[in-house]
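Computed from a predicted model, the values in this text were never measured in an experiment. As the structure lists them, so they are numbered: ligands from 1, and atoms in each ligand from 1. The chain is numbered in sequence order, starting from 1.
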Amino acid sequence: MDLTLDGVGTRLGGRWVVDGIDATPPAGHLTGLLGPNGAGKTTLLRLVAGLLPPEKGAVLIDDAPVHELPRRSRARRVALLEQESTSTVPLTVHEVVSLGRIPYRSLWGTDPDATAVDRALVSAQAGHLADRPWSSLSGGERQRVQIARALAQEPELLLLDEPTNHLDVSAQLSLLAFVRDLGTTTVAALHDLNLAAAFCEHVLVLADGHLAAAGHPREVLTPELLRRVYGVEADILQHPRTGRPVIAFHEPTRDA
Ligand SMILES: Nc1ncnc2c1ncn2[C@@H]1O[C@H](COP(=O)(O)OP(=O)(O)OP(=O)(O)O)[C@@H](O)[C@H]1O
């Protein structure tokens with residue numbers, strides 16, 4: 001599956017919050033979408049998911065504009081895990097994950113793949129939660145179940161908005177390793193630059209709606225880029241085991 005962002009942009013509240021992004025996240029790999037608060041990450045994910053029509057440019061999946069795909073076929077191909085999830089739905093976890101199967105259901109509401117929900121729950125390490133009421137879950141458990149719902153959709157393109165939110169360090173590492181090894185084209189908005197450096201094959205850095213940099217974390221996450229985009233000072237070290245960049249933030253040196 002080839003994903004191309006071709007000069008895509010949109011205004012919200014009269015302002016260009018995503019403005020002319022050109023990018024080609026590598027097929028079958030995990031791409032990190034980085035950038036400060038308000039840079040446009042969530043808006044760009046919604047554009048890529050086809051939920052927001054672009055005011056300029058297009059997002060192409062195998063050369064077809066995603067926002068022009070029929071809704072059902074788009075829902076089979078693209079899964080978006082959004083940041084906020086409501087806490088009040090009176091559903092069990094199994095029922096929440098079953099929502100991911102709606103695009104596959106027949107006219108009579110039957111699922112051609114009866115085991116897809118259970119497989120997705122097990123893959124996301126949420127099988128033990130299947131019978132729990134959704135409203136009773138912790139933030140981290142909910143995040144896992146949302147991942148399971150997205151996996152149940154069996155998408156070619158997986159879009160995750162801050163998927164490590166609410167997760168403890170062990171759960172963060174296992175989730176990103178899992179997503180990286182899925183072999184599905186995935187774009188994940190991430191705030192933790194060290195996690196992005198450790199797990200992403202490619203990163204896109206947004207600043208004020210524009211693409212500030214794109215490439216392998218080793219090429220992109222430089223002290224200059226971090227200063228320019230985030231206004232922070234850092235040294236870049238090398239991970240002793242993986243060779244990946246490790247960002248050591250520090251306070252700016254004060255002038256005497
Ligand atoms: N419905 C809206 N109307 C007007 N402005 C909006 C709307 N939604 C988002 N914005 C603005 O668009 C800009 C980009 O928002 P977006 O949520 O895409 O950023 P983000 O990079 O995901 O931020 P964060 O890291 O804080 O989640 C922000 O300035 C935000 O205030």
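Backbone and side-chain nitrogen or oxygen atoms of Ala39 are examined, and one is located within less than 3.5 angstrom of a nitrogen or oxygen of ligand 1. Considering both main-chain and side-chain atoms, Leu44 never comes within under 3.5 Å of ligand 1 through any nitrogen or oxygen pair. For a threshold of 3.5 Å applied to N or O pairs, the pair formed by Gly40 and ligand 1 contains at least one separation below that value.
Distances from atom 17 (O) of ligand 1 to the heavy atoms of Thr42, Leu52, Asn37 show the closest one on Thr42.
Contact detail for Leu5 and Leu3: the closest heavy-atom pair is CD1-CG, 4.0 Å.
Nearest protein neighbour of atom 15 (O) of ligand 1, counting heavy atoms only, is Thr43 OG1, 3.8 Å.
With hydrogens and angles ignored, the 3.5 Å screen pairs no side-chain donor or acceptor of Tyr104 with any backbone N or O of Asp113.
Residue contacts with ligand 1 for Val17 involve side-chain atoms from C-beta outward but no N, CA, C or O (heavy atoms, distance under 4.0 Å). Heavy atoms of Ala189 found under 4.0 angstrom from ligand 1: none, in either backbone or side chain.
Side chains of His191 and Glu162: a donor on one and an acceptor on the other come within 3.5 Å.
For atom 1 (N) of ligand 1, no protein heavy-atom neighbour is present inside the 4.0 Å cut-off.
Heavy-atom contacts from other residues, nucleotides or ligands closer than 6.0 Å to CG of Asp181 number more than 12.
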